[in-house]
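Keep in mind it's a predicted model, so treat the numbers as computed, not measured.
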Amino acid sequence: MKPNIIFFLIDGLRADQVYGNNRTCKTPNIDSLIQNGMYFEQAISSVDGTIVSLNTIFNSNFQVGRSARNKKIVLNENNLIDILKKNGYHIYGALPNLASFNSLLEHFENENNNDRIENSDPGTEGPIDQVAAQFLGKKTQGNHSEYERQKATLPTGLAKRIIQILESKEKQEPYFCYFHILDLHPLREGRKPIGIEDFDSEKFGSSLFERTVSSIDFWLGKIFECIDKNDVIILTSDHGERIPYGGMREVDFQPKLEHAVDVGKKILPKSVHKIGGQFLYDIRKSVGKRKLNKSNEELTNYQKRSRDPYFTLSLFDELMHVPLLFVGNSIKPKIITKQVRHVDISPTIYELLDIPLDRKISGKSLISIDDESSQEENPNYLHTMPHHKLSPSDMVGLRTSKYKYFRAARDPKESVNLYDLKNDPYENDNIVKTNKELVTQFEKKILQLEKDNLSEYEEKISEKELQRISNELKRLGYM
């Protein structure tokens, strides 16, 4: 009997919060899995956002050209799900309640066939400056009353639902379960995760991010108890995340001006409230920027970047370095330091299940990878998660264990970055000016990878679907 596959994707989980000494979170359950599984120290995502990252995983191809701008999961022919189904696997799981995930949800055979994770307050229009919002009378992200009633995270009901799915007698074997865990996502939206009160202390981490990771690990421990020892567990993330240096984000340097808001609302006619809100917003931004620059004077580039707004596009490793773990009876426990990629996940599953691969993909199976072998390391193609419209912030690049190279997506001469990862792992010093030859080499490799991975599949999306997805992205702060 082929093993069941249980795939956990923890949205926004950084690799350095799962493995290594420079962390303060408590993760005994994940630690135990690592000791008994194959853990990849240097697993790298191809993108700093969710949807394109998942397309990379499920299709095992780098997302280039139009594919790099997809707003929803697009499952190409012979994707991971299709191949598993053709080989007798049944598909189950739980997903965020977003139109972007519909093409994956359609494959689920859950009892109610509608396992969506409610992930946001449907009445919220998206991130809006708190002062301006008060003037305009708009609802802000600080109001979670609807969110609190929904079952978005492990402590608020998702863990219970996952356990129900795993223990269901209605499931048919062999099966593939995919669980998308959003517990860290509220941090991206400027909110404190709900349900982590028992972990919100220094005992479980020095930052809110790390305390949330401790909470995630606790609930994963409950879930792991329901998994048979003969099953295969995969744990990874779609991308990493910023952890603000000193716990201070850019917005935290802006004055609140709450008294000015109260006074303004009392003495100014409603017809000028909008102008007043914008005026105070501009003051906050200006004062906050001066305070931020002053505080950043003695910081490294890595520390400064950590305070950027969460949705700033970035190909730095804090956004790209993710955990990757395979655990199963047929998997020899070991730690691998070589660079591996998201495109390598699907072919690894195929080899584990002895499924022959009859098509060309970008990924390579990781089962036989060995640090001591002479096996050539494969470069990883990088692309930022695109804004709704083309932007100068769109970046494309390439990463190896030794170097990281990236530049503007539509102009090879703009915003050129090159980092020596061996001697500068935090990417503080751009060495592009003294390494022109390396830049030329990387450019050639990027062009070749883009040529090899250019997809014939086009994202099919109706105006109605596009509008819904756009509204959801705004609500989550992506637009």
Gap between atom OG of S214 and atom CZ of F209 - 0.5 Å precision: 11.0 Å

Run the ring-centre check on Y19 versus Y39 and record whether the distance is less than 6.0 Å. yes

Less than 3.5 Å apart, any donor N or O on the side chain of N79 or N59 sitting next to an acceptor on the other? no

Please determine if K26 and E210 form a salt bridge, counting it only when a charged side-chain N lies under 4.0 Å from a carboxylate O. no

For the side chain of N380 and the backbone of I44, is there at least one donor-acceptor N/O pair under 3.5 Å apart? yes

Can you tell whether the side chains of R307 and D252 come within less than 4.0 Å, N to carboxylate O? no

Would you list the atom pairs, donor with acceptor, under 3.5 Å between side chains in residues 312-326 and any protein atom, with sequence neighbours excluded?
residue : atom : partner : partner atom : Å
T312    : OG1  : P309    : O            : 2.9
S314    : OG   : F316    : N            : 3.1
D317    : OD1  : R399    : NE           : 3.2
D317    : OD1  : K404    : NZ           : 2.9
D317    : OD2  : R399    : NE           : 3.4
D317    : OD2  : R399    : NH2          : 2.7
E318    : OE1  : R305    : NH2          : 3.2
E318    : OE2  : R305    : NE           : 2.8
E318    : OE2  : R305    : NH2          : 3.2
H321    : NE2  : E41     : O            : 2.6

Flag if over 12 foreign heavy atoms under 6.0 Å of NZ, K451: no

Keeping H342 on the side-chain end and S237 on the backbone end, is there a donor-acceptor pair under 3.5 Å? yes

Donor + acceptor pair across side chains of T153, T156 (<3.5 Å): yes

When you check the gap from the basic side-chain N to the acidic O, do R410 and D394 get nearer than 4.0 Å? yes

Residue set satisfying side chain to side chain donor-acceptor pair (under 3.5 Å) with R341, at least two apart, ordered chain then number -> D344

Side chains of T27 and V213: does their closest heavy-atom pair fall under 4.5 Å? yes

For R407 and E414, run salt bridge (Lys or Arg N to Asp or Glu O under 4.0 Å): C-alpha distance rounded to whole Å, both residues' side-chain angles, the deciding distance at 0.1 Å, then the answer. CA-CA 6 Å; R407 44 80 170 172; E414 287 292 323; over 6 Å; no

State whether a side-chain donor-acceptor pair under 3.5 Å links D452 with S362. no

Is there a side-chain contact between L54 and L9, using heavy atoms and a 4.5 Å cut-off? yes

Min side-chain heavy-atom separation I216-I30 under 4.5 Å: no

Which atom of G12 lies closest to which atom of D238, heavy atoms considered: N-OD1, 3.0 Å

List in chain and number order the residues that pass side chain to side chain donor-acceptor pair (under 3.5 Å) with K85, two or more places apart in sequence or in another chain; answer none if no residue qualifies. H107

Distance alone, cut at 3.5 Å: any donor-acceptor contact between the side chains of R161 and Q164? yes

Is the backbone of P186 close enough, under 3.5 Å, to the side chain of R191 for a donor and an acceptor to pair up by distance? no

Do the side chains of H239 and D11 get nearer than 4.5 Å, heavy atoms only? yes

Calculate, to the nearest 0.5 Å, the distance between atoms CG and CG belonging to N97 and N102 respectively. 8.5 Å

Considering residues, nucleotides and ligands other than K171, do more than 12 of their heavy atoms fall under 6.0 Å from its NZ? yes

Could you go step by step and tell me if K2 and D354 meet the salt bridge (Lys or Arg N to Asp or Glu O under 4.0 Å) rule? CA-CA 9 Å; K2 291 182 177 180; D354 197 26; over 6 Å; no

So, Q63 versus Y381: side-chain donor-acceptor pair below 3.5 Å or not? no

Relative to the ring of F311, is the ring of H185 parallel (under 30°), tilted (30 to 60°) or perpendicular (over 60°)? tilted

Backbone of M385 reached by a side-chain donor or acceptor of D48 within 3.5 Å: yes

Could you check whether atom OH of Y245 has more than 12 heavy atoms from other residues, nucleotides or ligands sitting under 6.0 Å from it? no

Heavy-atom distance under 4.5 Å between the side chains of H90 and F108, does that happen here? no

Check whether the ring centres of H383 and F406 lie less than 6.0 Å apart, and answer yes or no. no

How are the rings of F58 and Y178 set to each other: parallel, tilted or perpendicular (split at 30° and 60°)? perpendicular

Nearest heavy atoms of S415 and N417, plus distance in Å: O-ND2, 3.0 Å

Would you find a donor on one side and an acceptor on the other, under 3.5 Å apart, between the side chain of S346 and the backbone of I57? yes

With a 4.5 Å limit on heavy-atom distance, are the side chains of W219 and P155 in contact? yes

Side-chain heavy-atom pair L184, E241 within 4.5 angstrom cut-off: no

Taking atom types as modelled, find out whether K222 and N29 have a side-chain donor-acceptor pair closer than 3.5 angstrom. no

Within this structure, what is the CG-OG distance for the pair N453 and S46, rounded to the nearest 0.5 Å? 9.0 Å

Sidechain-backbone polar pair: S32 side chain, P28 backbone, donor-acceptor under 3.5 Å: no

Side-chain contact, heavy-atom cut-off 4.5 Å: S60 with P347? yes

Here the pair of heavy atoms bringing F253 nearest to M248 is CE1-CB, 3.7 Å

Would you check if the side chain of S100 reaches a backbone N or O of K72 as a donor-acceptor pair within less than 3.5 Å? no

Parallel, tilted or perpendicular, judged at 30° and 60°: which one describes the rings of F199 and F204? perpendicular

Check D183 with R211, please: is the shortest side-chain N to carboxylate O separation under 4.0 Å? no

Check this for me: does any side-chain nitrogen of one of R249 and D308 sit under 4.0 Å from a carboxylate oxygen of the other? no

